[in-house]
Amino acid sequence: MSDLLSLDFMRQALIAAFLVGLAAPLVGAFLVQRRMSLIGDGIGHVALAGVAVGILTGSMPVLTALVAAVAAAVGVELIRATGRTSGDIALAVMFYGGIALGVVLISRSSAASPGNLTSYLFGAILTTSRADIIVFAVLAVVVVGVTWMLRHRFFAVANDEEYARAVGLPVMGYNIALSVLTAVTVVVSMRVVGLLLITALMIIPNATAQLVSRSFRSSLAWASLIGVASSVSGVIVSFYARTPSGGTIVLLAIATFLVVSVVSGLVTRARRAAHERAERHEHEHGPVCGHEAIPHEDHVDYLHDGHRHAPHADHYDEHDEHDGHAHAPHQDTEEVSR
């Protein structure tokens, strides 16, 4: 590890990976809520046209990509706001037109090469310059800061736009703000995971976080933690394995999701089994069952052979004799769904 940290370009790469891993899942959480998980891909296509303009004019591709991505983000929200059935067609024209324009413009530049295009499409974190790091750091701080400050309002709008309008929230303004933050995140991430893979880093950590969290706030924290771990670990693995950083980061994020899914499934099955054992009784408890009734919060527990049983829907939960806590967790949602 010391040999890796002794290299200046690797230190820059790790900083960039940390910034992207922190910012991308935060924005992605609200895209998942809005059912717009793939919007990052579309904005990335348009950002490529901005990159091409930067290469062709000799300016910073990061800044020209930012302008193009933000313009596309605002365009997406304006098209959605019209409510026309042809809106998806307009978005397809914008997105695929952007990537086509990018390819054509890059091919016209004397400084262009196939490697230039690949580095932006799939990431080339080891070529990240100090100037890029400064720009990425500023943009990442803006994304994280604004997203965290507005998280409650973003959640309200993403969860139910009609209710948000009814209580007086400027829904269009918050939607545009979130889309612009998505565009900024795409630009920050393009040299780390690439324009074609950035959506994976926005969505997969959130999918993993939903398996282990019980609230939206904790889900945000878990998603950012998983994003940072995947990004930094991916850069380290790609350095030693000599693999592309973008693909390695995404594969690690997917592997984390699969492992957590399996473990979560096993834990759920074990809890269900324990719950089923707690429900088995030879008779029905009630006022005339002959066992001691113990008031507990909003219900009554029955003391039976040293155990406290609490009626719950069409079954019983086993509670601790001393503190009244259930040994097996309730499966209320699943019981209702059945």
Side-chain angles (χ1 to χ4, degrees), residues 1-7 9-33 37 40 122-126 128 132-133 136-137 139-145 147-148 151 181-182 184-267:
M1 191 62 146
S2 58
D3 57 333
L4 182 148
L5 295 176
S6 65
L7 301 173
F9 70 89
M10 280 306 301
R11 290 196 297 270
Q12 294 178 178
L14 290 171
I15 293 172
F18 175 84
L19 294 172
V20 170
L22 181 64
L26 281 179
V27 175
F30 300 102
L31 297 181
V32 171
Q33 288 292 115
S37 300
F122 301 104
I125 194 171
L126 299 184
T128 304
D132 289 336
I133 291 294
F136 291 163
L139 295 178
V141 168
V142 170
V143 169
V144 173
T147 303
W148 188 253
R151 66 189 185 281
L181 290 174
T182 303
V184 174
T185 304
V186 167
V187 173
V188 171
S189 308
M190 67 182 180
R191 297 306 296 267
V192 179
V193 294
L195 294 173
L196 296 185
L197 295 175
I198 176 53
T199 297
L201 197 57
M202 287 183 175
I203 305 307
I204 295 174
N206 280 287
T208 308
Q210 289 176 359
L211 297 174
V212 297
S213 58
R214 296 188 177 183
S215 68
F216 186 72
R217 183 174 183 176
S218 64
S219 179
L220 284 179
W222 274 109
S224 293
L225 179 62
I226 294 168
V228 169
S230 300
S231 298
V232 174
S233 300
V235 170
I236 295 173
V237 170
S238 67
F239 174 77
Y240 289 109
R242 299 183 182 278
T243 55
S245 59
T248 306
I249 289 170
V250 172
L251 287 176
L252 283 179
I254 293 174
T256 303
F257 172 75
L258 294 176
V259 170
V260 173
S261 296
V262 172
V263 173
S264 176
L266 293 176
V267 170

- Query: Between Leu26 and Val143, does a side chain to side chain contact (heavy atoms under 4.5 Å, CB included) hold up when you go through it step by step?
  - Reply: CA-CA 9 Å; Leu26 281 179; Val143 169; 5.8 Å; no
- Message: Distance check, rounded to the nearest 0.5 Å: Leu31 atom CG versus Thr182 atom OG1?
- Response: 4.0 Å
- Query: Which pair of heavy atoms, one from Pro25 and one from Gly21, lies closest together, and at what distance?
  - Reply: CD-O, 3.0 Å
- Note on the structure: For Ala137 and Leu19 the tightest heavy-atom approach is CA-CD1, 3.5 Å
- Message: When you compare the side chain of Val212 with that of Val260, does any pair of heavy atoms fall below 4.5 Å?
- Response: yes
- Can you tell me how far CZ of Phe239 sits from CG of Leu14, rounded to the nearest 0.5 angstrom? 10.0 Å
- Before giving the answer on side chain to side chain donor-acceptor pair (under 3.5 Å), spell out for Thr243 and Thr248 the whole-Å C-alpha distance, their side-chain angles and the decisive distance to 0.1 Å. CA-CA 7 Å; Thr243 55; Thr248 306; 2.8 Å; yes
- Task: Can you see which heavy atom on Ala253 is nearest to which on Thr208, and at what distance?
- Result: O-OG1, 4.5 Å
- Message: For a quick test of reading the model, state the closest non-hydrogen atom pair linking Asn206 to Gly28 and the distance between them.
- Response: ND2-C, 3.5 Å
- Note on the structure: One should read off an interatomic distance between Gln33 CD and Phe30 CZ, to the nearest 0.5 angstrom, of 8.0 Å
- Minimum-distance pair of heavy atoms, taken over all atoms of Ser218 and Ser213: OG-CB, 3.2 Å
- Task: Please assess Val32 against Met202 for the test side chain to side chain contact (heavy atoms under 4.5 Å, CB included), listing each intermediate value before the final yes or no.
- Result: CA-CA 9 Å; Val32 171; Met202 287 183 175; over 6 Å; no
- Message: So which atom in Ser264 and which in Leu211 form the shortest heavy-atom distance, rounded to 0.1 Å?
- Response: OG-O, 3.8 Å
- Message: Between Ser238 (side chain only) and Val235 (backbone N and O only), is there a donor and an acceptor less than 3.5 Å apart?
- Response: yes
- What distance do Trp222 atom CH2 and Arg214 atom CZ have between them, rounded to the nearest 0.5 Å? 12.5 Å
- Task: Nearest 0.5 Å please: distance from the CD1 atom of Ile249 over to the CG atom of Leu201.
- Result: 7.0 Å
- Query: To the nearest 0.5 Å, how far apart are CD1 in Ile204 and OG1 in Thr199?
  - Reply: 10.0 Å
- For Phe216, does the CZ atom sit with more than 12 other heavy atoms under 6.0 Å from it, leaving out its own atoms? yes
